[in-house]
Amino acid sequence: MAEPAKRHDRIFVANRGEIALRAIEAAHAMGMETVLGVSAADRDGRGARTAGRAVVLGPAPARDSYLRPELVVHAAVATGCTALHPGYGFLSERPELAEMCASEGIAFVGPTPESIRRVGDKLSARAMAREAGVAMTSGSEAVDTVEEAIEIAAGIGYPVITKASAGGGGRGMAVAHRPEELAEAFDQAVTVAREAFGDGTLFIERYVEVARHLEVQVFGDGVGGVVHFGERDCSIQRRYQKMLEEAPAAVLSQETRERLHMAAVTLLGSIGYRNAGTVEFLYDSRTDEFFFMEVNARIQVEHPVSEMISGTDLVRKQLALATGTAGTLDQADIRFDGHAIEVRIIAEDPDRDFMPSPGRITRWEPPAGPGIRVDSAMEAGAMVPPFYDSMIAKLIVHADSREAAIDRLSAALDNFRVEGIATNIPLLRFIVAHPDFRANAITTRWLETVLLPAFQDSQG
Amino acid sequence: MSTVPPGDIEALVTLFQESGWREMHLQAEGVELFLSKDGTAQFPRAPLAATVAAPSSATAAPAAIPAAPAVAPASPALSAAAASVPDNCVVVRAPSLGTFYRAPKPGAPAFCEVGQAVDADSQLCLIEVMKLFTTVRAGATGKVREICVNDGEMVEFDQPLFVIESHG
C-alpha cells in the first residue's frame, strides 16, 4: 500500500444514476479521487462527466455490466482504487462483491460479507432477531410444499403472506386469506423467487393487514458501536415499491419511537454491524405493536430524509468509515430537527398503468429554494435508458413541521418541470393534496386501494 | 438534415437489438428509420428523408446516418475510430473491460504482429478479467494493419484492439 499512486483515497463507484453522482460528489468534497464504472449506455451521462475518470465495463444491459462483480473489481484494481462504493441495488448486497474487494485489498463501503449473508437471508435474519429479542410476526421456517404450507398457515392463522428467503422487492410475496388462495399462490411464488433470486425457498408469515412500513436508519462502526439516525415512515407503496418516505414517523408516540430505535440498534449491534444499514418493521397503529421485517445491508434510496432531520451526510459518513477517517460514533451527538419528506420521481406513466417511459428529456427544471433538495443525475438533453430502474430523481423537502413540509413539497412539485418523457409527478401531486395524506391516515395498502382509484377517476 | 441526435438513433438501434421485434419503422422530425433483422429486407416505400438500412453484415456500409448493423452486438459504424479506417478494414473491439494480453503467457511469442495474415478463427489476444481469460479472434480474413493497445493495459468494453485489412 506504499505505492505513490495509492497515497490518496480513490473511490470506485459501482452504480449509476443519482446515487453514483451522490457518491462521486461526496468523495470529491472529502478530497478523494473517483472512478465510475459505467455501461455503454451511460458513457456520456453526468456521472461519467463528473467522476475523475469513467471506464466502460460492458454493454448496456445490466447483466453484462453493472451486475458483473468481476468486471467491477477488475476495473477498480486496474484504476488504482482504494475503496469501492456499491450504492443501492445492483451488486450492493451481493456478498461476493464485498469478498472480492477484501481479497484485492479494496475497502468495501458497506458491511462485511458475513454480515451481508446473515441479514440477506430472511430466515437467518429472523433467527437473528429472535435471538436479539426483537418482536416479529409469527412465521415458519422454510416451507417446501403446498401441503406443508397449508398445515403451517392453519397454525399461524390467516391471512398469511409468502416470502422468498433469498430476496425482497415484493417478488415471491403473495397474500392468502384462505387455504385455497394459498394453494393457488404457492407454486407460482416459488417459481418467481427461483427466477428472481436463483433460490425458490419460501417461508410463511402472518400478514399484518392494517400496517405501516417503518424503518430505522442504523450506522455501525464494525467493532460493536451502533447508533441510529431516527426512523422513516415509508407506507406509501405500490406493489411493495416505495413512492414517498418521511422522517420522523409522525404516527409514533415518543415512547414507541424509542423502543423501535432500541430494537434496531440491538439487532445490528448483536453482529457488530459495519457501515449504513436499515432495519424494516411493520407497525400496527391500532395495537401500537411493531414487528421486525428485514434488514437492508446498504445505503437506501430514502436515506436523504434521515440526513435532513439529523443534519448528517450519511454518504460522507460511509466513505469516512471505509477509509479510516471517521471519528467515534456517539448517539448523544445525533440530534433531530423538523420533518422531511422525499418523493421518488419515476419515468413511468400513471395514466397508462405505470408503463415505463424511457426517452430523451427535453426540459428539466427541478424546483429549488430553502428546504428543497433534488438528488438526480438528469439534465435537459439526457437520455433515460430503458435498461434500468426508472427512478430519475428524488425530491426532498425539509421544514419545521410535517404540515409545513407538506406545503413545501406541494409547491415544489408544482414547480418541477419535466418534458420529453412521462413521469409520476401528477400522481405525486395528487397524493400530497389528498386529505388522508395530510391527516396521516394511511397504511401500506392506501395507495393501491384508496388513492389510485381516486386518481384514475380524477383523470376522467 | 436531421434534428434527431445520433445518440438517439444509437439508442433506438440498441433497443431494437434487444427486442424480439423483427422490424421497426419510425418516422419523426425529418428522419425516417427502418430497421430489420432480415438482411434482405426492403425499405417498405420511398423514404421521405434520411434512410438507415440495417445491413446484416458487419462490414456493409451504413447509409446517411451512422447506425449499427441491427444484428451485430458491437457497432463498428458508430465510433470515430471505426469511421477513420478505410472501407476494407474491420475493427476488432474488446468484448468487455479487462486486461489486454498479446501473448498466451509472459515471455511467449505474441499471437500476432502487424502485417501478419489472419483468418476469422485466428487468435489475436486475451482479455483477462479477475484471472479469467477470454480469447479474442479476428472474425475476418486479412492482415493485421494496426494493434491499438499495449500489452498489459486495461481496455474498456468496445475499445478498438486491432484493425484488420481484409483481402476482399
Side-chain angles (χ1 to χ4, degrees), chain A residues 12 14 35-45 48 53-81 96-97 99-104 106 356-362 380-388 420-421, chain B residues 2-21 24 26 28-29 31 68 71-82 93-101 126-134 136 149-161:
Chain A
F12 191 89
V35 179
L36 177 65
V38 295
S39 79
D42 290 329
R43 65 187 354 151
D44 301 319
R53 181 179 176 188
V55 293
V56 184
L57 301 167
R63 64 173 182 277
D64 300 321
S65 47
Y66 295 111
L67 288 173
R68 296 269 304 272
E70 73 285 10
L71 289 181
V72 164
V73 176
H74 190 101
V77 172
T79 54
C81 288
E96 308 91 279
L97 179 66
E99 258 158 17
M100 287 167 84
C101 284
S103 63
E104 296 297 327
I106 290 174
S357 168
R360 190 164 295 279
I361 292 180
T362 53
M383 187 80 181
V384 180
F387 308 104
Y388 317 109
I421 57 164
Chain B
S2 160
T3 54
V4 178
D8 279 10
I9 294 189
E10 184 176 342
L12 278 170
V13 171
T14 309
L15 255 177
F16 175 72
Q17 286 172 342
E18 295 287 314
S19 75
W21 299 355
M24 185 172 116
L26 175 99
E29 294 180 59
V31 168
V71 290
S75 27
L78 286 168
S79 97
R93 291 166 181 275
S96 79
L97 177 141
T99 303
F100 173 86
Y101 289 111
L126 295 171
I127 300 292
E128 179 250 335
V129 181
M130 299 303 284
K131 317 284 187 287
L132 267 175
F133 293 82
T134 304
V136 176
V149 184
N150 294 320
D151 190 49
E153 276 181 8
M154 186 192 80
V155 293
E156 299 179 37
F157 165 69
D158 210 30
Q159 187 173 330
L161 305 176

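The figures here come from the full heavy-atom set of this structure, side chains too, leaving out hydrogens, waters and symmetry mates. Chain naming here is simple, since letters A, B, ... match the order of the sequence lines and numbering starts at 1 in each.
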Student: Check whether P59(A) gets within reach of chain B through its side chain, its backbone, both or neither, counting any heavy atom under 4.5 Å.
Tutor: both

Student: Measure across R53(A) and E156(B) and return the closest heavy-atom pair with its distance rounded to 0.1 Å.
Tutor: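 The pair with the smallest heavy-atom distance is NH2-OE2, 4.4 Å.
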
Student: Ignoring hydrogens, what is the shortest heavy-atom contact between A40(A) and F157(B)? Give both atom names and the distance.
Tutor: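 Looking at all heavy atoms of both residues, the closest pair is CB-CE2, 3.7 Å.
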
Student: Just give me the residue among E153(B), Q159(B), E128(B) that pairs up with chain A most often, heavy atom to heavy atom, under 4.5 Å.
Tutor: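 Of the candidates given, the most pairs with chain A belong to E128(B).
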
Student: For residues L97(B) and L71(A), report the shortest heavy-atom separation together with the two atoms involved.
Tutor: O-CD2, 3.4 Å

Student: Applying side chain to side chain contact (heavy atoms under 4.5 Å, CB included) to E70(A) and L132(B), what does each step give before you reach the verdict?
Tutor: CA-CA 9 Å; E70(A) 73 285 10; L132(B) 267 175; 5.7 Å; no

Student: With a 4.5 Å cut-off on heavy-atom pairs, point out which of R68(A), H74(A), R43(A) contacts chain B the most.
Tutor: H74(A)

Student: Write down the atom of M154(B), the atom of A78(A), and the distance for their closest heavy-atom approach.
Tutor: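 Smallest interatomic distance, heavy atoms only, reads SD-CB, 3.4 Å.
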
Student: Under 4.5 Å heavy-atom distance to chain B, tell me which part of P358(A) shows up: side chain, backbone, both or neither.
Tutor: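 Neither part; nothing is under 4.5 Å.
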
